[in-house]
**Q** 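Just dropping this structure here.
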Amino acid sequence: ALNSDTAHQMELEKAGLLNKTKIAEGGRKLRKNWSLSWVVLVGNSLVFFKDPKSQTPSNWKPGNSRPESSVDLRGAQLHWANELSSKKNVFKLRTVTGNEFLLQSETDSLIKEWYKTIQHVIEKLDRE
Ligand code: I3P
């Protein structure tokens, strides 16, 4: 049986569409390539899916489609990074392994919610 901790780990905390580009891999700079991504925050991970059309919030279940990539939030750093793009509402997520992502939305309230929620998970993991 799942204890409450395990259940919490598996909890789907947030999901939605964001513009995403990876800008570094293991500390090495990459060329930007923005694309719309279905982003899911589940447990300690941020999971990215292509094909947003098939991934509406109501039909998303862990395991029902293969993620494009996944980011471990333990030890990650989050910063607003509007200086890194001509787009508005951009933040940068840096993993312990030196992978860097920019995430963006045209909707101010939406990007603020994502920032707050991801930061909350990072801080929770920092305290463990
Ligand atoms: C990039 C593309 C990106 C842009 C980036 C450009 O050109 O226009 O959208 O980032 O700017 O280099 P290309 O398609 O030729 O690779 P932003 O949209 O985030 O501004 P940058 O090089 O100043 O980061």
Side-chain angles (χ1 to χ4, degrees):
L2 298 177
N3 62 31
S4 64
D5 218 48
T6 312
H8 180 72
Q9 299 275 307
M10 293 176 66
E11 204 175 291
L12 198 170
E13 305 203 35
K14 195 166 175 58
L17 286 174
L18 293 175
N19 291 313
K20 184 200 77 171
T21 182
K22 194 173 186 179
I23 60 165
E25 165 88 40
R28 289 183 62 142
K29 198 166 180 274
L30 297 175
R31 184 166 178 184
K32 271 182 187 166
N33 182 19
W34 286 102
S35 66
L36 197 60
S37 184
W38 180 250
V39 184
V40 177
L41 180 60
V42 58
N44 302 341
S45 297
L46 203 58
V47 187
F48 301 120
F49 295 85
K50 285 179 182 168
D51 193 14
K53 289 182 286 297
S54 68
Q55 298 295 328
T56 61
S58 53
N59 75 14
W60 190 86
K61 289 185 219 71
N64 81 344
S65 89
R66 195 152 41 90
E68 182 191 5
S69 62
S70 154
V71 169
D72 183 0
L73 293 175
R74 193 178 291 276
Q77 295 177 342
L78 194 64
H79 299 284
W80 289 108
N82 287 311
E83 76 284 2
L84 294 181
S85 176
S86 61
K87 302 181 196 303
K88 70 169 189 173
N89 298 336
V90 175
F91 62 71
K92 182 171 85 171
L93 179 65
R94 186 186 195 282
T95 69
V96 281
T97 56
N99 294 342
E100 297 184 355
F101 300 86
L102 300 183
L103 294 169
Q104 188 267 349
S105 168
E106 290 300 310
T107 309
D108 299 13
S109 57
L110 200 146
I111 200 74
K112 280 179 192 155
E113 275 300 315
W114 272 103
Y115 187 94
K116 202 170 71 180
T117 308
I118 295 170
Q119 188 61 41
H120 178 85
V121 172
I122 292 172
E123 284 169 8
K124 184 198 77 185
L125 293 170
D126 283 347
R127 289 194 300 270
E128 283 179 6

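The first residue of the sequence shown is numbered 1, and numbering continues consecutively from there.
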**Q** Indicate, with yes or no, if Trp34 and Val71 share a hydrophobic cluster defined by side-chain heavy-atom contacts under 4.5 Å among Ile, Leu, Val, Met, Phe, Trp and Tyr.
**A** no

**Q** Measure the CZ-OG1 distance between Arg74 and Thr95 for me, rounded to the nearest 0.5 Å.
**A** 14.0 Å

**Q** If you compare all heavy atoms of Gly43 against all heavy atoms of Glu13, which two are closest, and at what distance to 0.1 Å?
**A** O-OE2, 3.7 Å

**Q** When you look at NZ of Lys88, are more than 12 heavy atoms from neighbouring residues, nucleotides or ligands closer to it than 6.0 Å?
**A** yes

**Q** Heavy atoms, side chains only, cut-off 4.5 Å: are Lys124 and Glu128 in contact?
**A** yes

**Q** Less than 4.5 Å apart, side chain to side chain, heavy atoms only: is that true for Leu46 and Trp114?
**A** yes

**Q** Check whether any side-chain N or O of Asp72 sits under 3.5 Å from a backbone N or O of Ser45 as a donor-acceptor pair, and report yes or no.
**A** no

**Q** Minimum heavy-atom separation for Val40 and Ala15, please, with both atom names.
**A** CG2-CB, 4.0 Å

**Q** First locate atom CD of Glu123, then atom CG of Leu78, and finally report the distance between them rounded to the nearest 0.5 Å.
**A** 9.5 Å

**Q** Apply the test side chain to side chain contact (heavy atoms under 4.5 Å, CB included) to residues Ser35 and Glu68: give CA-CA distance (whole Å), side-chain angles for both, the deciding distance (0.1 Å), then the verdict.
**A** CA-CA 12 Å; Ser35 66; Glu68 182 191 5; 5.6 Å; no

**Q** I'd like to know if the side chain of Asn82 and the backbone of Val90 have a donor-acceptor N/O pair within less than 3.5 Å.
**A** yes

**Q** Rounded to the nearest 0.5 Å, what separates atom CG in Leu18 from atom CG in Leu102?
**A** 12.0 Å

**Q** Would you name the heavy atoms of Ile23 and Lys92 that are closest together and state the gap between them?
**A** CD1-CD, 4.0 Å

**Q** Trp80 vs Tyr115 aromatic rings, parallel, tilted or perpendicular, using cut-offs 30° and 60°?
**A** parallel

**Q** Which distance, rounded to the nearest 0.5 Å, do you find between the CG of Leu41 and the NZ of Lys14?
**A** 8.5 Å

**Q** With Glu100, which of Arg94, Arg28, Lys22, Gln77 fulfils side chain to side chain donor-acceptor pair (under 3.5 Å)?
**A** Arg94

**Q** Between Leu17 and Trp38, is any pair of side-chain heavy atoms under 4.5 Å apart?
**A** yes

**Q** Quick check on the hydrophobic clustering: are Val96 and Leu125 connected, directly or via other members, by side-chain heavy-atom contacts under 4.5 Å?
**A** no

**Q** Is there a path from Phe101 to Leu30 through hydrophobic residues (I, L, V, M, F, W, Y) whose side chains come within less than 4.5 Å of each other?
**A** no

**Q** Working to the nearest 0.5 angstrom, can you tell me the gap between Lys87 NZ and Leu103 CG?
**A** 12.5 Å

**Q** Could you pull out the closest heavy-atom pair between Lys32 and Leu84, with the gap in Å?
**A** NZ-O, 2.7 Å

**Q** Check whether any side-chain heavy atom of Leu93 sits under 4.5 Å from a side-chain heavy atom of Leu73, and report yes or no.
**A** yes

**Q** Which value, rounded to the nearest 0.5 Å, describes the distance between Asn19 atom CG and Ser105 atom OG?
**A** 7.0 Å

**Q** With clusters defined by side-chain heavy atoms of hydrophobic residues (ILVMFWY) lying less than 4.5 Å apart, directly or transitively, does Val39 cluster with Ile122?
**A** yes

